[in-house]
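Taking it in order: structure first as structure tokens, then the write-up.
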Amino acid sequence: MTGHGWLEVADRVLVLRYPLLDVNATLIPGEGAALLVDTLSTRAQAAELAAAVASVTSAPLTLINTHHHFDHCFGNATLAGEPGIWAHFLCREQLRDHAEVVRRAAAKQCPELATELAEVEIRPPDHDVHEGADLDIGGRRVLLRHTGRGHTSNDLAVLIPDAGVTVTGDLVEVGAPPDFGDAWPLEWAPTLAELLVLSEAEGADSVFVPGHGAVTGAYYVRAQHTDLARLEWLCREGHADSATIDEVAGQSPFGLAASRTAVKRAYADLNGTLYA
Ligand SMILES: [Zn+2]
């Protein structure tokens with residue numbers, strides 16, 4: 001099952017790696033029902049994704065948004081059907097109450113899509129998840145889990161135990177440093193550690209689908225956890241020692257630009273001035 005750009009990464013788990021931003025959408029077809037994780041950035045991209053889904057299944061499609069960033073949810077309006085969209089409740093809050101802020105951030109990050117982003121109907125999710133929800137998708141058990149803040153306030157992972165797969169959203173990125181623009185750098189490592197424990201307990205740790213880049217394994221997620229934990233403690237120590245942002249960022253395991261953002265946000269968090 002590899003038509004229309006799908007790669008079957010495990011039993012009936014298909015990943016479409018979209019070239020622009022190298023972002024992943026994941027399709028989990030069941031008997032008479034199917035699940036799609038993330039919906040890409042624009043109407044045109046979502047229409048391409050809908051055609052790719054239709055090449056695999058015509059079953060009613062439940063949607064998941066892994067978080068509120070445009071490249072994971074701006075295709076919602078094009079793809080949503082009767083079963084609706086599930087996401088963390090703070091994702092819904094962002095897309096419902098702060099839609100134009102989210103849209104402006106998107107256009108700033110991706111100016112080449114500005115025209116298309118301006119036309120997108122921002123469709124908030126319908127079903128709130130707080131800590132977790134268990135779904136039955138045509139006989140397949142699918143677990144939605146929020147293990148804490150990390151890449152954003154509202155990261156939601158999707159576990160598919162019968163296939164040994166965890167879809168992480170941008171809690172994990174392959175081929176690029178983690179994005180700290182809306183991140184909680186002091187909480188990301190514990191959030192990822194908790195997700196690794198859950199995935200292993202559910203037997204969903206053979207394959208990890210990151211938000212961006214190639215599908216990977218638990219070893220990579222553990223390595224990213226180690227790096228995030230190191231960054232967390234560099235920030236805590238730097239803050240205690242009144243080190244400058246650049247002094248701390250210079251020691252970070254990630255690139256300087258990403259690390260500067262991370263340290264700034266970690267310092268704000270330690271000063272009590274970081275808000276969701
Ligand atoms: Zn993101």
(request) Check whether more than 12 heavy atoms from other residues, nucleotides or ligands sit under 6.0 Å from atom CD of E119, and answer yes or no. (result) yes
(message) I'd like to know whether V158 forms a side chain to side chain contact (heavy atoms under 4.5 Å, CB included) with L35, so could you lay out the CA-CA distance, the side-chain angles of the two residues, the decisive distance to 0.1 Å, and finally the verdict.
(response) CA-CA 10 Å; V158 182; L35 183 77; 4.2 Å; yes
(message) Under the criterion side chain to side chain contact (heavy atoms under 4.5 Å, CB included), I'd like the reasoning laid out for T78 against T39: C-alpha separation, chi angles, the key distance, then a yes or no.
(response) CA-CA 9 Å; T78 303; T39 63; over 6 Å; no
(request) State, with a plain yes or no, whether a side-chain heavy atom of R141 is found less than 4.5 Å away from one of D162. (result) no
(message) Just so I know, are the side chains of L49 and Y18 near enough to count as touching, which here means a heavy-atom distance under 4.5 Å?
(response) no
(request) State which residues pass side chain to side chain contact (heavy atoms under 4.5 Å, CB included) with L256; sequence neighbours excluded, sorted by chain then number. (result) A249, R260
(request) Could you pull out the closest heavy-atom pair between A189 and E232, with the gap in Å? (result) CB-OE1, 4.0 Å
(request) Would you mind reporting whether D170 and T66 have side-chain heavy atoms less than 4.5 Å apart? (result) no
(request) Taking the six-membered ring for Trp and the single ring otherwise, decide whether the centroids of H72 and H212 are under 6.0 Å apart. (result) yes
(message) I need the R96 CZ to L90 CG distance, nearest 0.5 Å.
(response) 10.0 Å
(message) Please check: side-chain N/O of R265 versus main-chain N/O of A183, any donor-acceptor pairing under 3.5 Å?
(response) yes
(request) Would you give the length of the straight line joining atom CG of L20 to atom CD of E112, rounded to the nearest 0.5 angstrom? (result) 6.0 Å
(request) Describe, in one word, how the ring planes of H151 and H67 are oriented to each other, choosing from parallel (under 30°), tilted (30 to 60°) and perpendicular (over 60°). (result) perpendicular
(message) For D134 and R145: C-alpha separation, side-chain torsions, deciding distance, then whether salt bridge (Lys or Arg N to Asp or Glu O under 4.0 Å) applies.
(response) CA-CA 9 Å; D134 295 5; R145 293 292 183 266; 2.9 Å; yes
(request) Any chance you could measure L61, atom CG, to I137, atom CD1, to the nearest 0.5 Å? (result) 9.0 Å
(message) Whether the side chain of D241 engages the backbone of A243 through a donor-acceptor N/O pair (distance < 3.5 Å, no angle test) should be reported.
(response) no
(request) Taking N76 for its side chain and I122 for its backbone only, find out whether a donor-acceptor pair lies under 3.5 Å. (result) no
(message) Testing the basics here: between A204 and P161, what is the closest heavy-atom pair and its distance to 0.1 Å?
(response) CB-CA, 4.3 Å
(message) If you compare all heavy atoms of L171 against all heavy atoms of G150, which two are closest, and at what distance to 0.1 Å?
(response) CD2-CA, 4.1 Å
(message) Within the 4.5 Å heavy-atom criterion, are F180 and L231 side-chain neighbours or not?
(response) yes
(request) Determine, step by step, whether F70 and L21 satisfy the side chain to side chain contact (heavy atoms under 4.5 Å, CB included) criterion, reporting the C-alpha distance in whole Å, the side-chain angles of both residues, the deciding distance to 0.1 Å, and the verdict. (result) CA-CA 11 Å; F70 72 101; L21 301 174; 3.8 Å; yes
(request) Indicate yes or no: at least one non-hydrogen side-chain atom of L7 is less than 4.5 angstrom from one of V215. (result) no
(message) Ring centres under 6.0 Å, that's the criterion: do H68 and H98 meet it?
(response) no
(message) Taking D155's backbone N and O only, do any of them form a donor-acceptor pair with H146's side chain (distance below 3.5 Å, no angle check)?
(response) yes
(request) Treating Ile, Leu, Val, Met, Phe, Trp and Tyr as nodes and any side-chain heavy-atom pair under 4.5 angstrom as an edge, say whether V172 and F208 lie in one connected cluster. (result) yes
(message) Strictly by ring pair (Phe, Tyr, Trp, His ring centres under 6.0 Å), give each pair with a member in residues 214-244 just once, sequence neighbours left out.
(response) H239-Y267
(request) Check whether any side-chain N or O of R43 sits under 3.5 Å from a backbone N or O of E116 as a donor-acceptor pair, and report yes or no. (result) no
(request) Could you tell me whether a side-chain N or O of T42 sits under 3.5 Å from a main-chain N or O of L117, the two making a donor and an acceptor? (result) no
(request) Give a yes or no on whether a salt bridge exists between E100 and R104, defined as a side-chain N under 4.0 angstrom from a carboxylate O. (result) no
(message) Would you say that H69 contacts D182 through its side chain, given a criterion of any heavy-atom pair below 4.5 Å between the two side chains?
(response) yes
(request) Find out whether N65 and L156 are in side-chain contact, i.e. whether some heavy atom of one side chain is under 4.5 Å from a heavy atom of the other. (result) no
(message) I'd like to know whether CD of E31 has more than 12 heavy-atom contacts from other residues, nucleotides or ligands below 6.0 angstrom.
(response) no
(request) Give, for atom OG1 of T168 and atom CG of L192, the distance between the pair rounded to the nearest 0.5 Å. (result) 8.0 Å
(message) Is there a side-chain contact between T26 and I64 in this structure, where contact means two heavy atoms from C-beta onward sitting under 4.5 Å apart?
(response) no
(message) For a side chain to side chain contact (heavy atoms under 4.5 Å, CB included) check, start with the C-alpha distance between L63 and R123, then their side-chain angles and the critical distance, and finish with the verdict.
(response) CA-CA 12 Å; L63 301 183; R123 161 85 147 78; over 6 Å; no
(message) Less than 4.0 angstrom from a charged side-chain N to a carboxylate O is my criterion; do K264 and D269 meet it?
(response) no
(request) Supply the members, apart from L186, of the Ile/Leu/Val/Met/Phe/Trp/Tyr cluster built from side-chain contacts under 4.5 Å; use none for a lone residue. (result) L270
